[in-house]
Each structure stands twice: as C-alpha cells, then as structure tokens.
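Note on naming: letters A, B, ... go to the chains in the order of the sequence lines (proteins, then strands), and numbering restarts at 1 for each one. The structure presented is a predicted model; accordingly, all values stated were derived computationally and were not measured.
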Amino acid sequence: MDFKEIYKVYLFFSFFTNTFLNDGFLGGVMVDKVKVQFYPLDLTYHIINDKAVIYLFGRAVDGRQVCIVDEDFEPYFWVVLKNEEDIEEFVRKVEKVKVEEKKDVASVVKTVVERKNFIGEEVKAVKVFCNLPKSVPVIREAIKDWDFIRTINEFDIPFTRRYLIDKGIIPLTLTEAEVSAYSVKSRVDTFKAYKVKQASEDSIKEPRILAFDIETYGSDKGRIDSKKNPILMVSFYGENFRKVITWKKFKTGHDYIEFVEGEDQLIERFKEVINMQKPDILTGYFSDGFDLPYLHERAEKYKIKLDIGHDFSNINFKRGLSEAVSINGIAHIDMFKFIRRVIARRLETDTYSLDAVSKEILGEGKMKVDMDNLSDVWDNKPEEIEQFCEYNLQDSLLAYKLCVKLFPNLEELVKIVGLTPYDISRMGFSQLVEWFIMRQTPEFNEIAMNNPHHDDVGKRRMQTYAGAFVYQPKPGLYKDIAVFDFRSLYPSIIVSHNIGPDTLNCKCCKDKAEYAPTDKKEYYFCKDKKGFLPSLVKEIIERRTRIKDIIKKSKTKNLLLEARSEALKVLANSFYGYLGFFGARWYSIECARSVTAYGRYYIHKTIEKAEKEGFKVLYGDTDSVFLSLDGKKEEDGIRFMEEINEELPGVMELEYEGFYPAGIFVAAKMSAFGAKKKYALLAKDGSIKVTGFELVRRNWSLVAKETQEDVLKIILGEKDNDKALQHVQKVIKDLRDKKVSNEKVIIHTQLTKEIGDYENKGPHVAVAERMKGKGIEVGAGMVIDYIITSGKGIIRDRAKIPDEVNEGDYDSDYYINNQVIPAIDKIFEVLGFKEEDLVGGGEQSKLGKFFK
DNA sequence: GAGCATCGGGG
DNA sequence: GTGTACGATGCTC
C-alpha cells in the first residue's frame, strides 16, 4: 500500500471562521452546529451500521470541496389498498414482514398513512419504510400478492434520486446544511448534516472542469484491444492547466509533456493529476465507452486501483448495452453522450465524431495527424512522437471547450429536472420528461405511476395509432416557398385540451364530453379539474414565455437564459412522445392518440384555408406548412398567418419560419409515427438546408458516400439537374468499366463477437473466417474490410479480403444497386428521373427496380 | 417478411 | 444498485 490513506477530523473553529453564515454564536458560547453553503455536484450512499447514509458532494461557497453526510433519510414505497377499511389490518401485518436471505435481512421499519392523489383519485395510501434501500424491492416482492392490495408504487426509485426529490435539493443550486464534525475516510472535508435544504436559486459560478483523453497502441491494426495494447499517452486540459503524460522519451520543447517510466506509472500519474486538480467535472469524448473502460482494463493488469472517488471508492461501471462510468463525488460527463442525446437535434452534422462536432460547435477541429502511423512511430521513430502528443492534447482541449460551452445547457436541464449532472447528461428525452414529472410529484401530492412490466412493454409495443398528417409533396423543384410552423403544436394541444391520464374519460364530465377528433371519437378530457401532466406542461410553457420576454428585452446576449429557454422547449416538446413511449410510467396511448388527432385537425384547417385563399400547398408535415407563393407576395403569406392565429384557441400559434427561393421535395417513407421529413431548401443567403437524408455509415463504400455528397451539391448549389444526372451516370459507368479503384469499394464492418458465436453469418463474418484460415488473428471488436467480388452465389461467398482482390474485380452490379443507387435514388426520384436515365439507356439487366 | 445483426463514438 | 438504450437499416433464410 503506497498511497496515502487520509483520515480527517476537522477542527471546526478554524474552518468556519470566514466561510459560513453563522448563527451558532449565542451569548459568546459556541454551539457545535454551524451552517455550510455549497453547490451539490454528485451524491452516493453507503451502508453504515446497517443504515443507508447519504453522501452529498459539492463545492462550498468559499471554493473548498465538501461532503455532507446525511443520516436522516429512509427508503420507502407506497401501497394503495382495495378497501380503505383494511388499512389497520394491513399495517399490522406489513410491519411484521421480514425476509431473510443469507446474511441479509430485509424488514419493514414503520408505516405512515397519508392522503394522496393517484390517477385523478384521492386515496388513503400507506407509506411503507424499509431498513435498507435494497430491501424495498424484496419487501415489495414478498407482499405483492396480498389480497387487500390494489397497487404498490414507487418501489424502484434509486435511493439517491429519491433523496434529492424528497429533500427538495437541486444539484448545482445553492444548498445549505446545518452540520457538525464528522470523521471519515475522505479526500474532501466532510461533515455530518442535521438539516439540508435549498438556500436560493443561485447556481454554481464556475465549476472546475478537467478534460482528458488517451491514445493507445495498435490504432493501425483496425482493432481496439485493451487486453493487448498499452495506453501510450494521456492528456489533460483545464483552466490554466495542460499536460500530456507519456512513457517513451524524446526531445521536446513542450513544457506540458511529462515523461514517466512505463504504462503503470502513467496510470498512477493519471490518478495523481485528478486528485491534485480536484475537478468538479471530469469530462472526455466517448470516455464512457472508451477512455475509462480502457484505463480500467489496463489498471487491472498492473493491479492498480482506480480509486479516485472522493470517498476513495473505485470508479463504477454500469455495464450493459451502453456503458457509463461514474466517480463518487466528481461529475463525470461524457460529452459525446450529452451531445448525441440532447444537443444533436440542433446540429447540422450527421456524424458525432469529435472532429465534426467540434467544427460545428466550436469552429475548431482535431489536429490532422495520420494515426495509422502511431504504432510504427512509437516502435521505431520516437523522435516523431511529439506530434501525437500535440494531437492528444488537442483532443482534451476540444472536450474541455465543448464542456464549457455546453455546460449552461446541461446546468439548465439539471436545474429543471433536479438530478445530478452525471444522470442528466446521460438521459434521453423520455427519461428527462419522466424524471421531471417525478420531481413534481410531491408538490402535487401525486403517487407516481409504475414502470411497465416486461409483458406490458410487449403489449404496448403492439399498439399503434394514427400519427401526424402529412401532405405529400409532388416530387420536384419549386420556387418561392414560404414555410409556417405551429409553435409547440403538441404541448399547446396538451394544455388547451387538458390531456392526461388522470383527466381521460373522467366520470364527472360524461354528460358534457367533447370528444377528441380521433376516428372513433372515444376519448374526452375533464373540463373541471386540471390534469397533473397538462398542469406541468402549462407551467413549462409559461416559464419559457417569461424567459423569452426577458431575452427579448435585454440588449446583451444571455447564454444561460437562452439555454434555459431551449431546455424548457425541449422538455415541453417531449411530453407527447413520452405519452406514447412504451417504457413510460405515465404512458397513455389514449392521450397520445388524442394529441395527434387534434394536431391533424388543426393542420387540416390551415391547409384548407390556404387553398381557399389561393396559395399552392406544396408540403405539410405534422406542424408545418410549405406554401408556394404562386405570384403572391411574402406579405400575403404573413397576413394569412395572422388570420389563422385569430381563430386558434389559447396558447396555440402559427409562426412564420422563413422564405426560400428554391427547394426540392422528396417522397418520404411512412412509419408508425408519420412520415419522415425529407427535403432540401435553398435559403436566401445561398446556403442549403438538408433534412432527412440518410446517414452515411462506415459500412457504406466510399464511392456511395462521395456520389451522394456530389449529387446534393450539384442539384442544390449549381441547380443543374442534368449535370447531377451525368455525374451519377459517370460513376455507374466507371463502376461497370472498373475504373473505380478498389479502395473506393471497400466496405468496413465490425465483428461484435467471436466468429464462432454467429448464427447468421454476414459477409464480414465469412471474410473473417477466411482470414482465420490464413492464419490472421481475428476476434471480437475487429473491423473487417472486404470487397464484394463478381461471380455467382450469395453475397457472403463473394465477399473477399481487399488484398486478395485484383484491381477492378468487384461486383459492379452490387455496388451500383446496393451502394450507389440507394444513396441517391430518392434525390433523383423527386426530380422525375427514371432508373434508365441513371444507368444509361438500354443497358437493363440484373439491376433491381429503381422505384421501389 | 421475419428475425438477426450491426451501426454509432473511441484508437 | 429501489434503474438502463434506441431507432434505423441491411443481410440471411
């Protein structure tokens, strides 16, 4: 054991003197409870003396990192009985429940009876407290089949989240605790708390952000293997701090490069740097999925503990389809996850590589270095390593800048939803909505609804419903397009029509029911009592309106307010999808159906009116209408919009999105939730706005990818359809004539498991088998490159290793039909071109149908 | 057409 | 840890 274990006992007087609000002095006598104010960042709990104790970590107002230990919180769940007369008997019985498993005992500690709201009904509910958090599901399981129970709820709320909600503590927001001395093994100053509560709306000023990134050996082999390949360097970037640590020495003028003896020393230094820098936020790009798992694997090899938690705990791995890594006390934010889940909609880029994302958000990309050379340089040319250190540092710098720039957005979501930055940064919209609702349950005295059982999820998935209305555009190019949008269409419908599970088909309004315009007219919503969810949506909309007013009035740009407005908008817009999401607690397909029915109703009304007034309707989708001015002026369009708005109820509003001199519309594929948007517009400033074209994935060949890009550029930028057509014809002809180099027809596909484990063999598996036969080592994680060669038989038998394929010996038809044409067919379809036009007249053969 | 597999990000 | 992904698309059978 060569690391220092620090046991700290604090002397209060010295610590508090100039730090805290202090009402502890009474008549010159010091009482030993004092107040500490801090911004919570993260929390965990430990079992101490058979009791769950909360550890709340944060940055105190004086800049120190602190840990507040709160013993005053117990796990519980809710029970609602069929008959309220049975409560006494139930309470007597449940308080005796004990479940013994091995050494552990799960027991009921006490019960409390309270009046609560449950799906629009007032009920007497029993709050059942358990000895430990993990006892909650055990006790629930033991009693769930008891006869007098109608429902058991809130038995699966993680203990730390329950704590934040019930205590009304919002991370990153000024919190005050009454504390006294506490002695515990900790990296930060720790206190025992008596009272913990939110002190004000104040937010943490400037959290200490530290970004890191690693580079590993073996990047040229197309395989990431943390068991074999060492970490070569690790970089850090923070405010006034930059460092690259590596273990091969070379001459360098960079003072930020530090040399250590080997990979094990690198890992030790990694830990030391974090402990010394004391970040509030540790960030990386894909650090959940790459850097931290890789570090963990390498650390295990040397039996090094990655015990960087404030409580000396190891970093925690949540394994599963998506990995996540948490560090007790430090908010670990994987910028990739946050950007892809929350920011993505606002971005133009289709790929979320660090380079693409940074270029768009920061206007600065990665350093251009040929990473294929890293291993070779490392082994043979140490004098050239420096450039890779620069590259490594740049990656940390980008992650740092992304985190700083997007922190306001994360912070606002944290403050609205009320969970830790770690949790919030990993949530998708449905989760954000759900936990926002959960956070509001105490104020509305609501019992939360339950997550669906596995069987229910299956049933819910089967249920479909009519989606949005789509006015299908006629394929082609159009001039002078005015675009209108309903502002927050679905949220405004939910509020205006009081749509929620607890107002659905209520008994009180049966006689005066106003049915939602679904086909069967079977759903109506309460006219008298505001529903729980519509009340929440209304509050969100009103809050946002207030904030937008402030933004409009203020002359300076306020990033925080803009982020808050954006967060509220995103949240409101997600409620509808949440109601129809199979995994939702407050799932209600009836509500979701009603929302879309009203949506269709209003867009139909708008289209009818537009046509009546002589506009040509080009396209409409969900909440937007594209009109061709058809000789009319832009002002006429705006007047039309104002007329519509006079007729709309309540908060609903049609807005003017913009004017476009030209646009191309693409027939869209239908799905359960309506048609996908697919169009490209030319804006007044000459820029091209593309919506809905498929992502180019790595298992597309270069020839397909390049052709798609070129065609869009030519049609939209140069407005020369024939030139675009000629371009595709040339690519197809080149493929036929084998003039396209093999390099451009290579397809890359990753092996996700060992080749023996495949039941269905894709082409890459067949190739991998053949590689193995040749003595090349293959395994899970490796990316297989292959070319589909000409010949007969199924695709996988014709997939070959690129080295084995003679130049031009690829299957032209495959690349034309399965790669190039799918990449551009929809574009040409809307221009009215036919397959023959693309492939060249007369040469019809085995080509698949162009129009599908 | 059902069902299985893979994509993403990272080096 | 009182929990965990997701939505789209291509290939095989």
Q.
Can you confirm whether more than 12 heavy atoms, excluding those of A/D50, are under 6.0 Å from its CG atom?
A. no
Picking from [options], which would you name as closest to the side chain of [X]?
X      : options                : value
A/E215 : B/dG10, C/dT2, B/dG11  : B/dG11
A/F581 : B/dG9, C/dT4, C/dC6    : C/dC6
A/R796 : B/dG11, C/dC13, C/dC11 : C/dC13
A/F155 : C/dC6, C/dT2, B/dG9    : C/dT2
A/S353 : C/dT4, B/dG10, C/dC13  : B/dG10
A/R162 : B/dG11, C/dT12, C/dT2  : C/dT2
A/V136 : B/dG9, C/dT2, C/dT4    : C/dT2
A/T216 : C/dT2, B/dG11, B/dG9   : B/dG11
A/P763 : B/dG11, C/dC11, C/dT2  : C/dC11
A/A324 : B/dG9, C/dT4, C/dT2    : C/dT4

With a 4.0 Å cut-off on heavy atoms, is [X] in touch with a base, just the backbone sugar-phosphate, or nothing at all?
X      : answer
A/K337 : nothing
A/D334 : nothing
A/P133 : base
A/D288 : nothing
A/Y76  : base
A/L232 : nothing
A/L354 : sugar-phosphate
A/I157 : base
A/N450 : nothing

Q: Would you please say whether a donor-acceptor pair under 3.5 Å links the side chains of A/R162 and A/Y76?
A: yes
Nearest-Å distance, [atom1] ([X]) to [atom2] ([N])?
X      : N      : atom1 : atom2 : result
A/M427 : C/dT4  : CE    : C1'   : 10 Å
A/E323 : B/dG9  : CD    : P     : 16 Å
A/M438 : C/dT4  : CE    : P     : 13 Å
A/N392 : B/dG11 : CG    : P     : 8 Å
A/Y391 : B/dG11 : OH    : P     : 5 Å
A/R585 : C/dT2  : CZ    : C1'   : 10 Å
A/H764 : B/dA5  : NE2   : C1'   : 7 Å
A/F338 : C/dA5  : CZ    : C1'   : 17 Å

Q: Using a strict cut-off of less than 4.0 Å between a Lys/Arg side-chain nitrogen and an Asp/Glu carboxylate oxygen, indicate whether A/D213 and A/K366 qualify as a salt bridge.
A: no
Q.
Tell me whether A/E297 is salt-bridged to A/K227, with the criterion being a basic N under 4.0 Å from an acidic carboxylate O.
A.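 A salt bridge is present here (some side-chain N lies under 4.0 Å from a carboxylate O).
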Q: Could you measure between the two C1' atoms, the one in C/dA5 and the one in B/dC7, and give it in whole Å?
A: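 About 14 Å, rounded to a whole number of Å.
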Q. If you measure from the P atom in C/dT9 to the same atom in B/dG9, how many Å do you get, rounded?
A. 15 Å
**Q.** Base B/dG9 to side chain A/R340, donor-acceptor N/O within 3.5 Å cut-off
**A.** no
Taking only the side-chain nitrogens and oxygens of [X], find out if one of them lies under 4.0 Å from OP1 or OP2 of [N].
X      : N      : value
A/R461 : C/dC6  : no
A/Y814 : C/dC11 : yes
A/N451 : C/dT4  : no

Q: Using the side chain to side chain contact (heavy atoms under 4.5 Å, CB included) rule, take A/F336 and A/L354 through it: C-alpha gap first, then chi angles, then the decisive distance, then the call.
A: CA-CA 8 Å; A/F336 163 68; A/L354 178 58; over 6 Å; no
Q | Residues in ring-ring contact (aromatic ring centres under 6.0 Å, His included) contact with A/H310, at least two apart in sequence or another chain | A | A/F57
Q. Between A/F212 and A/H332, what is the ring plane arrangement, given parallel below 30°, perpendicular above 60°, and tilted in between?
A.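 The arrangement is tilted - the two ring planes meet at 30° to 60°.
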